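Each remark here refers to the structure printed beneath this line.
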Amino acid sequence: MFSDHLAGLNPEQLRAVTLGAGSALVLAGAGSGKTRVLTTRIAWLIANQRAMAANIMAVTFTNKAAREMHTRLSAMLPLNPRGMWIGTFHGLANRFLRAHWRDAGLPQTFTILDMQDQLAAIKRLMKALQVSDEKFPPRQVQAFINNHKEQGLRAEALKPYDAFNAKLTELYAAYDAQCRREGVVDFAELLLRSYEMLNSNEALREHYRARFSHILVDEFQDTNKLQYAWLCLFAGPHASVFAVGDDDQSIYAFRGAEVGNMRRLMADFQVGEPIKLEQNYRSCGNILDAANALIQHNDGRLGKNLWTDAGAGEPIRLYRGWNDADEAQFIVDEVRALRRDGGALAEMAVLYRSNAQSRVLEHALFQAGLPYRVYGGLRFFERQEIKHALAYLRLVASPDDDNALLRVINVPARGIGARTVENLQTASRERGVSLWQAACGQGGGRSAASLGKFVLLIEQLRADAERLSFAQLVSHLIAASGLRAMYEADKDGEDRLENLDELISAAVSFAPEDPAQIIAEFLAHASLEAGEHQAGAGEDALQLMTVHAAKGLEFASVFVSGLEEGLFPHENSLNDAHGVEEERRLMYVAITRARQRLYLTQAQQRMLHGQTRYPLPSRFMEEIPASLTKNLSETMTAGLSSRGNHGTRPAPAAPRHQASTNAVLPGGWRIGQSVTHPKFGSGVILNAEALGEELRLYVNFAEHGAKWLDMRFAKLTPA
DNA sequence: CAATCAAACATTTTT
DNA sequence: TGTTTGATTG
């Protein structure tokens with residue numbers, strides 16, 4: 001019976017799942033069972049004949065979330081997997097454009113540029129246009145293009161306000177022209193193109209609007225302007241939009257996400273009050289209380305308070321180390337203790353604000369012999385050997401793909417140097433043809449022989465594609481191109497060879513929707529789903545990642561490290577209030593990852609960019625009620641670390657009441673300490689910087705303002 | 001063309 | 001401080 005699926009729901013969840021027609025906004029707190037609500041809602045709609053599978057579109061941000069939804073759904077219902085549109089924004093846009101490639105003005109086998117490909121394309125374009133990459137850093141151009149596309153703005157729609165901006169706009173237009181010429185689309189283009197096409201094609205629009213009566217959106221707080229417009233276009237005036245999100249977990253504003261879309265939705269789709277899912281099934285009471293107390297410091301929230309019936313649980317443990325190494329050692333010791341008590345390493349995570357912080361942690365973990373896994377970094381389909389192989393595959397599918405051709409024309413080295421490539425580019429520009437066509441037409445050049453061999457290789461591969469199965473083709477192309485031999489000759493090529501074999505396995509098991517389009521579909525899959533973040537799964541290992549990467553995950557024990565002003569909240573976000581609020585939401589996300597045990601750690605002294613810093617404790621620490629915490633720092637016992645003292649322990653000297661909150665600097669100075677200077681009078685130490693023997697203090701003088709003083713010379717005395 | 005060196009840079013990054 | 005990028009050089 002379907003009602004079994006409803007039985008375990010709490011009243012709010014049940015209400016959300018069984019809503020009638022009309023649009024709704026579900027404010028789903030961390031750990032409140034939002035995925036369950038989303039999937040049960042879909043199942044309920046179908047089971048009660050409110051909709052058929054084909055009438056449903058469910059949109060997520062990550063492939064992982066889409067997969068999970070699909071898996072859970074098929075456990076509840078016998079599903080026609082192709083009938084329902086479940087996927088990421090980009091995945092669905094891709095599906096849409098593949099179905100209507102002609103209307104979209106795209107070649108049938110259009111390929112998708114990932115960020116790397118896009119950057120390469122931009123660099124190539126700028127070289128051709130002779131634009132200085134000094135004045136216009138390609139990354140900035142890329143950001144300019146993507147930001148505007150995500151605002152729904154084409155180059156023609158922009159009004160440049162100065163020469164610099166005008167040049168960027170010009171590059172944007174030229175880039176789009178290049179993409180059209182080459183039949184490629186970048187990530188943002190998938191959405192923008194499908195948006196524009198549906199917007200201008202009434203018949204198609206009515207068709208899809210009639211089809212999708214229910215549109216469900218996950219992580220709605222992360223939608224950007226274009227995604228919102230895209231959804232509105234598909235929804236039309238009649239569809240029911242069911243949006244699930246949490247404004248307190250909006251941590252991607254820096255990438256264009258607009259939390260305001262939640263309020264916008266309420267206004268645009270006549271949503272009454274949002275349904276709040278506040279019961280949390282993940283964390284203990286103390287952890288939730290801390291999260292609630294913290295997030296209350298933000299303004300303009302939709303308002304929500306997490307609660308649990310699980311009991312208060314353990315106190316939140318605080319630790320303040322002398323320096324970053326000491327902080328890391330503390331974490332190592334605690335992890336060992338937790339493990340002794342039977343905890344699995346995979347159920348523990350160390351979170352940090354920025355990737356650079358992982359080094360010190362990794363060092364300590366390595367020394368301790370604790371297995372760990374760092375998230376982030378290169379993913380499977382982003383590895384160079386994989387991209388090389390895919391480039392050959394792309395040339396087989398469409399030899400006019402200049403990006404792909406440039407990538408592998410001389411990989412492995414086959415005597416086609418930069419000179420030859422430049423000639424080729426000149427020829428292609430002059431004759432207005434692709435590089436491939438230019439290469440084919442290149443008769444008597446000096447390097448004609450090696451170029452001719454390359455042309456022959458690709459032509460041969462294209463012929464082979466006719467007779468081989470897809471998997472055979474992939475395998476064959478890796479060998480025939482010389483890639484395999486190249487990595488076999490490389491003494492460090494073992495991993496790369498393994499990855500190439502894994503690519504063949506992926507090709508073997510790849511199930512295309514349209515077998516005739518298997519190459520295009522495989523390539524799209526590679527771009528849209530870059531693959532799991534590196535291998536290394538299986539072994540029980542401590543999980544290291546940024547707070548951003550931890551969103552959506554949960555662990556029995558969580559360490560949030562580096563809780564210092566300037567790091568977390570990050571100094572670059574201190575300028576405006578919105579920045580600090582986003583940092584606070586990030587902290588909220590970090591806290592709510594923990595089920596049973598939460599540690600908040602910091603260091604009094606930290607090496608950053610080759611400079612020693614003496615940061616103040618993070619403001620977020622003070623926003624957590626002391627009644628929920630337990631301090632494990634050695635500063636409380638005034639003794640040396642029982643875990644071993646790392647680095648030089650700062651000189652004692654400070655009065656206790658201040659020493660407990662503020663860092664002790666070399667020489668016994670403290671941040672916040674009142675001092676007197678013979679010339680400047682009285683002041684307060686605001687900040688410090690140490691470089692070897694040199695110590696500089698930033699002192700705010702009552703009469704003379706804030707000054708940096710070199711303590712090798714300055715005559716400063718405690719007030 | 002590969003190897004080596006200096007310079008620049010260092011927040012987060014679902015697709 | 002440590003890494004990545006590019007430019008230079010053999």
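Treat the numbers as computed from the prediction; the structure is a model and nothing was measured.
Look at CG on A:D218: it is 13 Å from P on B:dT15, rounded to the nearest Å. Distance A:D117 CG to B:dT15 P: 15 Å, rounded to the nearest Å.
Rounded to whole Å, the P atom of B:dT13 lies 15 Å from the corresponding atom of C:dT4.
Close to B:dT15, at under 4.0 Å from its OP1 or OP2, lies a side-chain N or O of A:N63. Using a 4.0 Å cut-off, some side-chain N or O of A:T546 falls inside it from OP1 or OP2 of B:dT13. Between B:dA10 and A:R613, no contact under 4.0 Å exists linking OP1 or OP2 to a side-chain N or O. Residue A:N410 places at least one side-chain N or O closer than 4.0 Å to OP1 or OP2 of B:dC1.
Heavy atoms from other residues, nucleotides or ligands lying under 6.0 Å from CD of A:E494 number 12 at most. Within a 6.0 Å radius of CZ in A:F366, no more than 12 heavy atoms belonging to other residues, nucleotides or ligands are found.
At the heavy-atom level, A:D114 lies nowhere under 4.0 Å from the strands shown. Note on A:F89: nothing from the nucleic acid sits closer than 4.0 angstrom, heavy atoms only. In this structure, A:G552 reaches neither bases nor backbone, as no heavy-atom distance under 4.0 Å exists between it and the strands shown.
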Per-nucleotide protein contact string for nucleotides 1-10 of chain C, where B marks a base within reach and S marks sugar-phosphate only (heavy atoms under 4.0 Å, - for neither)
BSS-------
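Applying the ring-ring contact (aromatic ring centres under 6.0 Å, His included) criterion to A:Y588, with sequence neighbours excluded, gives no partner residue. Here A:E571 pairs with A:R613 under the salt bridge (charged side-chain N to carboxylate O under 4.0 Å, His left out) rule; sequence neighbours left out.
Here A:F254 lies parallel enough and close enough to stack on the base of B:dT12, with planes under 30° and ring centres under 5.5 Å apart. The side-chain ring of A:H570 is stacked on the base of B:dT11, judged by centre separation under 5.5 angstrom and plane angle under 30 degrees.
Judged by distance alone, the side chain of A:E150 and the main-chain N or O of A:N147 form no donor-acceptor pair under 3.5 Å.
A side-chain donor-acceptor contact under 3.5 Å links A:N146 and A:Q118.
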